[in-house]
Structure formats: structure tokens, C-alpha cells
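Following: one structure in C-alpha cells, then a few remarks.
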Amino acid sequence: MKQHPDAAAATVPAPASGVAAEAAQTSIAARAMASLRPQGSPYLEGLNPEQRRAVETTEGPVLVLAGAGTGKTRVLTTRIAHLVSTGKARPYDILSVTFTNKAAREMKHRIGALIGPAGEGMPWLGTFHSIGTKILRRHAEMVGLKSDFTILGMDDQLRLMKQVIVDQNIDEKRWPARALSSAIDGWKNRGLLPEQVPPGEAGAFAFGKGGALYTAYQARLLTLNAADFGDLLLLCLKLWRENPDVLANYQQRFRYILVDEYQDTNVAQYLWLRLLAQGHRNVACVGDDDQSIYGWRGAEVDNILRFEHDFPGAVVVRLERNYRSTGHILAAASGLIAKNEGRLGKTLRTEDVAGEKVTVSGAWDSEEEARQLGESIESLQAKQHPLSEIAVLVRISAQMREIEDRFVQLGLPYRVIGGPRFYERAEIRDALAYLRVTMNPADDLAFERIFNTPKRGLGDATLQILHGYSRSQRVPLLQAARSLIETDELKPRARSGVRALVESFSRWARMVGTQPHSEVAQTILEESGYTEMWQKDKSADAAGRLENLKEFVRSMEEFPDMAAFLEHVSLVMEASEQEGADRVSLMTLHAAKGLEFDTVFLPGWEDGLFPNQRALDESGRAGLEEERRLAHVGLTRARKRAKLSFAVNRRIHGLWSSTVPSRFIDELPASAVDVVDAPAHFSAGASRFDRNPTPFGSSYATPGWQRAQANTAGNQGFGQSSGQGFGRSSSSGRNNGGPRQIEGELVAKSTGAPSAFSDGMRVFHTKFGPGNVAAVDGNKLTVDFDKAGRKMVLDSFIQPG
DNA sequence: CAAGCGCATATTTTT
DNA sequence: TATGCGCTTG
């Protein structure tokens, strides 16, 4: 995109351009003008007083705490409309950042609806990354790049990291590229350039070479004229720090700044915003601390909690009126989130009816849970409830399989939202790599990717030769290949393969510009043998991949040229969801943020799964609070019906383990919740016992037992500080000792004898070696192994040591 | 260079 | 359990 904002503005029919010009000069007059308008502004109608305040407080820092379903997007878009139509700002004076492309698109759309085509001309509405890219391309030389730098996806990033690791003679096994890459990402998220990383931290990686690796990695990026996602922000910071005049220009340019989902910003984004906001200080951040669920990838809830401190004099507006959910659902969600300590505090209220209570039901195991889920959906379906208004939200994707299996069996149409994205599929990345090399012969990472795909008899040996030449002559791989086919460096066989490839790329490069770009792509895929490769492949998914390739080529037609297309896909890594069909939606809780449904099912509310043990282990109380926010997000997705469930047995890494209901269940206000008896039919449930008959089986599978379980859960007081680990909770209790051991018998086929182990005992495991028992739960032990760390193991694999 | 085996590993995921 | 990876073998 080379569109210059000022040029763009000239083409925008500015409704109040005369006023705008004055506004820039005489703010008093402008304000006076503005005060006249609201009465006649249709867009302000229907806003509640808080929303209106959020819209009309245009000057100075504003924090809008927008609870779930309180009309956040509406405020954001109306605010822009307000700024533009009062003449306080022209569309190109407003910087408006979102997190996802989807959010940006929706905002563009809605602004367009409010103020007409002027909104579509907003050049500075986009994601942090797309705006960062736009800024960087203009000043690329100042950070050592060229303006046509390529943006690396995660796979390129990893490949590059691997090379750097090898270059630095680090043991790749001990320090996998993944780990280092994520460390570097972490530093970038915190706005740290290589030299700014605290030495202690950098030293903790790769035998003290962490810092050196980061430096080397950045150097390689510059050589390749490439930037990774983190750089898109980090290099802006660098650019602005080193060139105050450039910064001043942007500070001046952005009269008003709006930020969506502020609770998800990381440190780099915060610094980025703060630098820009120091100009006019008109920065409005909209967010909800109770929906911050991305701490694990660098989001800092602190940013939102500290807003008033960071921007003195900030006006804080709370949007607490919820327009989405009925009373009980809201009460449940509010009651739950109130248990969090680190929050600014909001109380959602609704004027809607109380509606149905949130239901909680238990199941014997995850299979039965899925069965019940299917039945509930079918009965809703029988009552004409549209499937598209039903969502199943799970904590981890692994839960999806059983549910999908069930849906398939029932013939229930469903769709999985999230999951592997279109542009991340192997065939699409391959196709992209071909295009990238065609467009940019110096794109070594792309070249390497398709070097021998499809197979053309080229292996690692050949690649090493190319690399050697490329490095010594300081030319890109493709250039190296072009030179080497003139010599005898390569074996004849490899040489002919390389020659064919090199010549193809020259040919394809010549086609660009003379033929429509989608046709060029089509030709490339055919001539390279790539399409043929999949046609010959007779595995199950080959047909789907060919279909994807077709869709890929087709989607190119929506872009003016190949370069524009490539820019788009490097920033927009998302699938094109096809809407319309009446299907149940299945997704993770994370993927559900921002969506809403009439009916929401929330299976798997069990301690260890949700709240997730790993979050607890890694982040302690903060982790628990984030999990609780996730629960809150889940509940607030529901308009009319929220149905929680848990299973008492679940397979974890292939082993059956018994589980206890999530502590979150007990944190729900009782008045908003109905405990549901399990359905009375046990035909299917009984089959478990048919296979594994035990004297106790049937009685424990009765509804009464399940109710008892639910009650037991209530009485045990989960959720206090003690809860650590699947096993630890409260195994001493006689209430769960009985059933637990029987489950153990059924499930783990152990002897069922009471555990002979106790806390602190020295033990030996056939696989993990020596360790100390940290906790005992029936036949399951949590052991801190000397070498392998903390693991949960079955006692039958353990000997007293 | 490809197929096959053993081994470790096992959340959440946008840009 | 199941997947994916890296190494060994044909």
C-alpha cells in the first residue's frame, strides 16, 4: 500500500472540512461548534449516558472500561464518527488500532455505515502490526531495511533461528530453535532490543549466548531485508527513539488516538502508544481488564490497571450496562469474576429478564459428557433453536475430538472455529514461497522451503553447497544457484535439477507484470510440478489441499497485483470463514472472545483442565486469575443459556485419571445456578461397566451418585490456596477415597490397594528414575523426580527407593 | 532420498 | 493415546 494519507484525504469528501481547518487553529470555537452538534447528531441517539460520555469526552486521555456486551464497538465507532462529523478531526488525523484484522474490518465497516464513505478513507485504522508496517516501510532505511522488506511468518522465523543456532555452534537439541525463538519474541514483546535485554536474562539461554543469538538473529534479518512480527513494533520504537523528528511528525499527525482491547496490549505496544500519545494527549483506550486472557503471550493486564497512573488526569468511564445476557447468566459471570483481586472492578447489570439459570451437570466420563452434550443440542434443535446460535466452548483443543466424534455420529452439523489457519497450511505456505521467490529472488527462506518441493532430487548436500557459495559471495541462494550450475561444483543430477528450478524462476519473473497475477500463480504451480505432486498423492487429505490451492489462486484476484497480495497474506493470517450454514460452533474459549450466542455449552469444568494445571503451575495466582477471566469470558458469550458440565473421569495424555469439578463451579453464586441431574438413561453409560464389570460400577454410575459428586464438590471447598496438582487436592478425605480407588481400578487397572506411598517418600520409577513423592492421591502420585521434574505417575510403576 | 523406527511430548494463539 | 520429530536404515 503506497497510498499517501494526505493524498487519500484529498479524495475524501470531508463533510466539515471548513470547520476542521478552523478546529486546528481555534479550539475554543471548535468546541463551541461541537457543543451545538450533538442534538442534531443521529449517531448519538440510543446511547446510554455512560456510552455518550465515552464518546463525547474527546480531549485528553480516556479509559473506557467496557464490560462484556456493553456496546464497546459501538462506542469506538461512534466516537470516530463524532470526531469526524464535529470537525474535530479529519479521518486521517485519527489513529485507531485494533488487535485483529477482523476487529479492524468490522470497525471500518461500521464507521462506513455511520458516516458514509469518508470512514473507508481512514488510512490509520488497522492492527498494531499493519500500522507498524506502514510506518516502517516509509522510513525503512533508518532502521537498516529497504522499504520492500518481507515480513516473516513463524515458520520462516523458526528456520532462520535454526540457522543462527547452527552458526553459533550451539547444541540444537539442548536449545531448540522454538525455545530461543519464543525467548526472543518475549523480549520483543517487552520492547527490548538485543542490547537492552538484561544480561542475566540473556545469559540464561543457550549457555550464556542468548544475547549473542538475539543479536545474530537480528543481523540475519537485516541481511535478508526481513522483519518478523515483533519487529514491526520494536523497530518503530527504535526508529522513533533515534529520530525524534520522525516521532514528532507522527505525534503531530495523530490528533486523536483510539485503542481497542487495551487489556491485550503488551509492553512494546504500550510504549508505542505512549510515544505517539505524547503529542496531542488525546488517547482513548477501550478495554476490559476482566477479559484479559492473553497474558501468556505477553499481554500486560498491568497496562490497563495502570492507565490512570500512566496518563495523569485520565477520565475513566465504566460501561456496566450489559445488552447481551439475561440476569442469571450475568449474575453467574459477575459473581465469578468478583473473586479476582487484580481488577479495576465493574458490576455488570442488565435490564433484561432473569431468564434461565446457568446449569451445571456432571458426567461419568468425558465420553458421556459428549453424549449428553449431543443430546442437549438435539433437543434444542427439536425446539427450532438454530444451530448457528449454539456454541461449545472448550478450554483446550484436545477436548474437541471426543465432541466432534459425537457430532459426527449424530450427524449434527458443526464447524470448528480457529484451528489451523488457511495461510498456515503447508500447501499454502509452499505456494506462497514460490510466489515470494518469484517476486523477490533474494528471499532465501522461501527458496529453501520449496528448494526440493516437489522432489527434484535435491537434498541437504546440494543445499549446503548453495549455502556455502551464497555466504562466501554474499549473494542470495537463487543467485548462488544460478552461478553454480555453470560449474562442476554440483553432481550432474543435482545440477540439472537446480538448473531447471533457476530457469523456471527466471521465466516466471518475466511473466509478472505482463500477465494477470493469478494466472502467473497458476502457471507457477503447474510448471513447478507442485499441483502434480498433490494430484499424485493418494492420501486422504490431498484432495482438500488441491482445493485449498484453487481457493488460494482464486483469492488473489481480489488484489490489484501480486505484491499487494503478498503483503496482505503476511499480515493477515486468517482463514476465510464461510458463514451461512446452520451449524453448531465449536471452539476454544480463547477463540470465543468477542462472539456471542444464544446458547453456550461449557464442558470440561474440572480442576486441572480448567483452571488449567499448567497455568497454575507456571503463573500461580496470576495464572488462576487469568483462568477465571477465561471462565468469565465463556459465560458472558451466552445471551440466554449457559450450560456448564464436568466429567469425573477423563483421559489425560492417554491415561484415565479421575478428576474433580472445577473450583470455579463453587464460586458461582448459588442463586444463579441449577444443578442438573444426569439423564436417567444409562444404557450407554452402562456399557463401560459391561466391559469392566465391578461390584460398585453400576451404583456409582447412578444419577444419585453423580449428584452426590456434585454436592461433594460443593462441600470440599475447592479453590483455596491448597489446590495444586490433579492429585494433591484432598485425598485424605474419606468422602472421595472410595469411588476414587474404584475408578483407579477400572481405569488404570491397578490393584486398587490403598497406596503404600506417602508424601516425602523416596521412590524410584522405571522410566523417570529416583525422586521424592510430593503428593498422593489414591493410586496416583505426584513425584518430583531428580532428573525429570514433577510428574504425575501411577504407583504401580514405582518402587520405594 | 525415502521409508520406518524410537523417543519425547503433551494449553491457550494473533500478528 | 497420538503426534511429531530426528535419526537410522534400506
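Side chains are part of it too, since the values below use all heavy atoms of this structure and drop only hydrogens, waters and symmetry mates. Chain A is the first sequence line, chain B the second, and so forth, proteins listed ahead of strands; every chain is numbered from 1.
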Taking OP1 and OP2 of B:dT15, is either one under 4.0 Å from a side-chain nitrogen or oxygen of A:S130? no
Using a cut-off of 4.0 Å on non-hydrogen atoms, how would the nucleic acid contact of A:L393 be classed: base, sugar-phosphate, or nothing? nothing
Of all the choices, B:dT12, B:dT15, B:dT14, which nucleotide is nearest to the side chain of A:R297 once you look at every atom? B:dT14
Specify the separation, in whole Å, of atom CZ of A:R629 and atom C1' of B:dT12. 13 Å
What is the distance from CD1 of A:I135 to C1' of B:dT15, rounded to the nearest Å? 15 Å
On a whole-Å scale, what distance lies between the C1' atoms belonging to B:dT12 and C:dC5? 23 Å
Closest-nucleotide mapping onto DNA chain B: is A:T462 or A:R395 further toward the 5' terminus? I mean the 5' end. A:T462
In whole Å, what is the span from the CG atom of A:L232 to the P atom of B:dT15? 12 Å
Specify whether A:F451 and A:F447 have parallel, tilted or perpendicular ring planes, treating 30° as the upper limit for parallel and 60° as the lower limit for perpendicular. tilted
Stacked pair A:Y294-B:dT13, distance under 5.5 Å, angle under 30°: no
Answer with base, sugar-phosphate or nothing: what part of the nucleic acid does A:R178 contact at a heavy-atom distance below 4.0 Å? nothing
Applying salt bridge (Lys or Arg N to Asp or Glu O under 4.0 Å) to A:E300 and not counting sequence neighbours gives none
Just checking A:D264: base, sugar-phosphate only, or nothing, at a heavy-atom cut-off of under 4.0 Å? nothing
Just to be sure I understand the rule, does A:E402 reach a base, reach only the sugar-phosphate, or reach nothing, if contact means heavy atoms closer than 4.0 Å? nothing
What is the distance, to the nearest angstrom, from the CD atom on A:E261 to the C1' atom on B:dT15? 14 Å
Can you list the residues that meet the salt bridge (Lys or Arg N to Asp or Glu O under 4.0 Å) rule with A:D185, with sequence neighbours excluded? none
Return the nearest nucleotide to the side chain of A:H129; candidates are B:dT15, B:dT13, B:dT11. B:dT15
Does some side-chain heavy atom of A:K162 sit less than 4.5 Å from a side-chain heavy atom of A:R159? no
Think A:T588 has a side-chain N or O under 4.0 angstrom from the OP1 or OP2 of B:dT13? yes
Take A:W240 and A:I135 through the test side chain to side chain contact (heavy atoms under 4.5 Å, CB included) and record every step on the way to the result. CA-CA 10 Å; A:W240 290 333; A:I135 292 171; 3.9 Å; yes
If you pin A:E618 and A:A461 to their nearest nucleotides in DNA chain B, which one's is more 5'? A:A461
Not counting sequence neighbours, which residues clear salt bridge (Lys or Arg N to Asp or Glu O under 4.0 Å) with A:E427? List them please. A:R545
Tell me whether the side-chain N/O atoms of A:N101 come closer than 4.0 Å to OP1 or OP2 in B:dT15. yes
Classify the nucleic acid contact of A:N452 as base, sugar-phosphate or nothing, counting any heavy atom under 4.0 Å across all strands shown. sugar-phosphate
What's the closest nucleotide to the side chain of A:S397 if the choices are B:dA10, B:dT15, B:dT12? B:dT12
Rounded to whole angstrom units, what separation is found between the CD1 atom of A:I184 and the C1' atom of B:dT15? 17 Å
Nearest of B:dT15, B:dT11, B:dA2 to any side-chain atom of A:F229? B:dT15
Qualifying residues under salt bridge (Lys or Arg N to Asp or Glu O under 4.0 Å), relative to A:R493, sequence neighbours excluded: none
Distance in angstrom units between A:R614 CZ and B:dT12 P, rounded: 9 Å
Round to the nearest Å and state the distance from A:D260 atom CG to B:dT14 atom P. 16 Å
Leading and trailing nucleotides of DNA chain C with any atom under 4.0 Å from heavy atoms of chain A: C:dT1 to C:dC7
Backbone N or O of A:A647 within a donor-acceptor pair of the A:E606 side chain at under 3.5 Å? yes
Nucleotide B:dT14, atom P - distance to CG of A:D228 in whole Å: 17 Å
Acceptor/donor pairs from residues 225-238 of chain A side chains to any protein atom, 3.5 angstrom cut, sequence neighbours excluded:
| unit_1 | atom_1 | unit_2 | atom_2 | d |
| --- | --- | --- | --- | --- |
| A:N225 | OD1 | A:K146 | N | 2.8 |
| A:N225 | ND2 | A:D148 | OD1 | 3.1 |
| A:D228 | OD1 | A:K188 | NZ | 3.0 |
| A:D228 | OD1 | A:G230 | N | 3.1 |
| A:D228 | OD1 | A:D231 | N | 2.9 |
| A:D228 | OD2 | A:K188 | NZ | 2.7 |
| A:D228 | OD2 | A:Y217 | OH | 2.8 |
| A:D231 | OD1 | A:K188 | NZ | 2.8 |
| A:D231 | OD1 | A:Q218 | NE2 | 3.2 |
| A:D231 | OD2 | A:K188 | NZ | 3.4 |
| A:D231 | OD2 | A:D228 | N | 3.2 |
| A:K238 | NZ | A:E242 | OE2 | 3.3 |

Which part of the nucleic acid does A:G230 contact within heavy-atom distance under 4.0 Å: base, sugar-phosphate only, or nothing? nothing
